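See structure below.
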Amino acid sequence: MKRWIRSAALAAALLFSIVLTGCGRQTAEYSMQVTSLFDTVITLKAYAGNRQAFDEWADEACALLEEYHRLFDIYHEYEGMNNLCTVNRIGSQAPVPVDARILDLLELAAGVGEQTGGKVNVAMGSVLTLWSGYREQGNADPSAAALPSAEELQDAMQHIDPDDIRIDREASTIYLADPALQIDVGAVGKGYAVEQTARHMEEKAEEYGVTGALINAGGNLCCIGGKGDGEPWVAGVQDPADPNRLLARVKMDGTLALVTSGDYQRYYEVDGVRYAHIIDPDTGMPPRYVSSVSVLCSDSGRADALSTALFCLPVEEGQALVESLPGTEALWVEPDGRITYSSGFETYLLD
């Protein structure tokens, strides 16, 4: 069975802090870390009867996450599958047969795009690639940091129409009507993969003796029930200005997901101004309304997409949008440190 990098961070106290579940089975908290998927660190935590049971449960979860990683990868192709890299390479020549999960992802993104006035757009690949090149250059040599020219942006922005991504659900194909269009699912792919993996592993929980679990994919958190001791999981919302400080601690159980988008990790500076990796589809520029926004709802894919969309909106407009979406809450942190909550977010805060 394939094994993954395991975390040695399990405190010794956990080995002695065994709790009894309702069925009489002893469980303890175990964890594993994976560093090879979705360009981030993924941590899996769960309460299980023993280390072997957890390892087998986590191995299956990691294998599924790897499947999604390969399907949604826009940089590499893999033998035996057509993934999004394949679609970007040859999708304008003829319809490309793909796994139905790719279609599901694109349709989820399109739905959130419609709800948010186009603030989620997976057809933005040409623009995001342009900015990524400048960001890599600026981070490698800060003295050479620069912004894309107006001409470069204008050219790239001509090829971001999501209607040019033609999906044939019956044939399970994708065709790109614009040869210069490139798909990029960075705004939703990781969240969707985490959600689908969590729900699959929830169905397998009893088989492996897992009584509660949490998947954390680089700040994209999704829970399966609560902790094995009956308490909720607690997720922290980081202060964008201080990585060692938490602004809020959020109680999570059931099927809740918490996703944060911000300007404090993947960014670069030009003339002392910070530019985030998130790009507004309307302007082609990184928005500057907030430093971070965290979304809490029952679906990690939707939370991922919505956090990106809200980052591209003024706080007041974002609040109005969130209040119109049942079962959705959000927390905004503005550049001056001001915190704004949606009407129901504070009910999830740890006292």
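Counting from 1, the numbers follow the sequence of the chain as shown. Nothing here was measured: the structure is a model prediction, and the numbers come from that model.
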| said: Are Ile90 and Tyr175 connected into the same hydrophobic cluster when the rule is that any two of I, L, V, M, F, W, Y join if their side-chain heavy atoms are below 4.5 Å apart? | reply: no

| said: Could you report the tightest heavy-atom contact between Ile279 and Cys312, atom names first, then the distance? | reply: O-SG, 4.1 Å

| query | Going through the checks in order, is the side chain to side chain contact (heavy atoms under 4.5 Å, CB included) test met by Ile165 and Ile174? | reply | CA-CA 7 Å; Ile165 302 175; Ile174 301 172; 3.9 Å; yes

| Under 3.5 Å, is there a donor-acceptor pair between the Glu152 and Tyr134 side chains? | yes

| request: For Ser132 and Leu128, indicate whether the former's side chain and the latter's backbone hold a donor-acceptor pair under 3.5 Å. | output: no

| said: Looking at Asn121 and Ile160, would you say the former's side chain and the latter's main chain have a donor-acceptor pair under 3.5 Å? | reply: yes

| Lys NZ or Arg CZ of Arg135 over Tyr267 ring: under 6.0 Å, within 45° | no

| query | At their closest point, which heavy atom of Cys297 faces which heavy atom of Arg302, and how far apart are they? | reply | SG-CB, 4.4 Å

| message | When you compare the side chains of Gln182 and Arg89, does any donor N or O come within less than 3.5 Å of an acceptor on the partner? | response | no

| request: Nearest 0.5 Å please: distance from the CG atom of Leu256 over to the CD atom of Glu329. | output: 10.0 Å

| request: Give the C-alpha distance, both sets of side-chain angles, the deciding distance and a yes or no for side chain to side chain contact (heavy atoms under 4.5 Å, CB included) between Asn83 and Phe72. | output: CA-CA 6 Å; Asn83 66 359; Phe72 302 159; over 6 Å; no

| Is it the case that more than 12 heavy atoms not belonging to Lys227 sit under 6.0 Å from its NZ atom? | yes

| said: If we ignore hydrogens and angles and just use 3.5 Å, is the side chain of Glu323 paired with the main-chain N or O of Ser343 as donor and acceptor? | reply: yes

| Would Asp304 and Lys190 count as a salt bridge (Lys or Arg N to Asp or Glu O under 4.0 Å) if you check the C-alpha gap in whole Å, the side-chain angles of each, and the deciding distance to 0.1 Å? | CA-CA 8 Å; Asp304 200 1; Lys190 182 174 63 175; over 6 Å; no

| query | Taking a hydrophobic cluster as the set of Ile, Leu, Val, Met, Phe, Trp and Tyr residues connected by side-chain heavy atoms closer than 4.5 Å, whether directly or through intermediates, do Met285 and Tyr289 fall within one such cluster? | reply | no

| task | Taking all non-hydrogen atoms of both residues into account, name the closest pair between Ala123 and Leu181 and its distance. | result | CB-CD1, 3.7 Å

| field | Any Thr255 side-chain heavy atom under 4.5 Å of Ser298 side chain | value | yes

| Distance, nearest 0.5 Å, that separates OG1 of Thr260 from CZ of Phe311 | 11.5 Å

| query | Taking all atoms of both residues into account, what is the closest heavy-atom pair of Pro287 and Asp280, and its distance? | reply | CD-N, 3.9 Å

| task | Mind telling me whether Tyr275 and Tyr268 have parallel, tilted or perpendicular rings, with 30° and 60° as the class edges? | result | tilted

| request: Please confirm whether the backbone N or O of Arg266 pairs with a side-chain atom of His277, one donor and one acceptor, at under 3.5 Å? | output: yes

| field | Heavy-atom check, side chain of Val127 versus side chain of Met124, under 4.5 Å | value | yes

| field | Donor-acceptor under 3.5 Å (Asn82 side chain, Pro97 main chain) | value | yes

| field | Basic-acidic side-chain contact under 4.0 Å: Asp104, Arg169 | value | yes

| Within-4.5 Å side-chain heavy-atom neighbours: Val34 and Val41 | no

| query | Taking NZ, NE, NH1 and NH2 as the nitrogens, is one of them in Arg199 or Glu195 under 4.0 Å from a carboxylate oxygen of the other? | reply | yes

| task | Under the salt bridge (Lys or Arg N to Asp or Glu O under 4.0 Å) rule, what do Asp168 and Arg166 come out as? Steps first, then yes or no, please. | result | CA-CA 7 Å; Asp168 185 330; Arg166 308 286 173 80; over 6 Å; no

| remark: Output for pair (Thr328 OG1, Gln115 CD), nearest 0.5 Å, gives 8.0 Å

| task | Dump the intermediate steps for salt bridge (Lys or Arg N to Asp or Glu O under 4.0 Å) on Arg288 and Asp263, then the final yes or no. | result | CA-CA 9 Å; Arg288 305 184 60 81; Asp263 66 359; over 6 Å; no

| Check: Gly284 main-chain N/O paired with Trp131 side-chain donor or acceptor under 3.5 Å | yes

| said: I'd like to know if the side chain of Gln137 reaches the main chain of Ala144, judged simply by a donor and an acceptor atom lying under 3.5 Å from each other, with no hydrogens or angles considered. | reply: yes

| field | Flag if over 12 foreign heavy atoms under 6.0 Å of CG, Asp336 | value | yes

| query | Which atom pair, heavy atoms only, marks the closest approach of Val270 to Ala145? | reply | CG1-O, 3.9 Å

| Rounded to the nearest 0.5 Å, what separation is found between the CG atom of Leu65 and the CE atom of Met201? | 9.5 Å

| query | Given side chains that start at C-beta, do those of Ser300 and Val259 come closer than 4.5 Å, heavy atoms only? | reply | yes

| task | Could you tell me whether the side chain of His159 and the main chain of Ala180 form a donor-acceptor pair under 3.5 Å? | result | no

| request: Mind listing the closest non-hydrogen atom pair of Leu310 and Ala330 along with its distance? | output: CD1-CB, 4.1 Å

| Is there a path of hydrophobic side-chain contacts, each under 4.5 Å between heavy atoms of I, L, V, M, F, W or Y residues, that connects Val295 with Val194? | yes

| query | Is Arg245 close to Gln238 at the side-chain level, that is, under 4.5 Å between some pair of heavy atoms? | reply | no

| message | With a sphere of 6.0 Å drawn around CZ of Arg338, does it hold more than 12 non-hydrogen atoms of other residues, nucleotides or ligands? | response | no

| task | Measure the CZ-OG1 distance between Phe54 and Thr27 for me, rounded to the nearest 0.5 Å. | result | 12.5 Å

| request: May I ask whether Leu246 and Phe345 are part of the same hydrophobic cluster, defined by side-chain heavy atoms of I, L, V, M, F, W, Y residues being less than 4.5 angstrom apart, directly or through others? | output: no

| Is the CZ atom of Arg249 crowded by more than 12 outside heavy atoms at less than 6.0 Å? | no

| query | Are more than 12 heavy atoms from other residues, nucleotides or ligands located less than 6.0 Å from atom CD of Gln154? | reply | no

| said: Pair Arg101, Gln196 - check side chain to side chain contact (heavy atoms under 4.5 Å, CB included), show working. | reply: CA-CA 10 Å; Arg101 289 172 290 185; Gln196 299 307 307; over 6 Å; no

| field | Within-4.5 Å side-chain heavy-atom neighbours: Glu67 and Thr197 | value | no

| said: Side chains of Leu331 and Val293, heavy atoms from C-beta outward: is any pair under 4.5 Å? | reply: no

| field | Test log, rule salt bridge (Lys or Arg N to Asp or Glu O under 4.0 Å), inputs Arg70 and Glu66 | value | CA-CA 6 Å; Arg70 293 188 173 202; Glu66 184 177 31; 3.6 Å; yes

| field | Side-chain (Glu60) to main-chain (Trp57) donor-acceptor, under 3.5 angstrom | value | no

| query | Given the rule in the side chain to side chain contact (heavy atoms under 4.5 Å, CB included) test, do Leu105 and Val188 qualify, once you have shown the distances and angles that lead to the verdict? | reply | CA-CA 8 Å; Leu105 172 69; Val188 65; 3.6 Å; yes

| query | Do Ser126 side-chain atoms and Ala156 backbone N/O form a donor-acceptor pair below 3.5 Å? | reply | yes

| Pairwise distance CD1(Ile339) to OG(Ser291) - rounded to 0.5 angstrom | 11.0 Å

| said: Applying a strict under-4.5 Å side-chain criterion to I, L, V, M, F, W and Y, I'd like to know whether Trp233 and Leu350 cluster together. | reply: no

| message | Is there a side-chain contact between Asp59 and Met32 in this structure, where contact means two heavy atoms from C-beta onward sitting under 4.5 Å apart? | response | yes

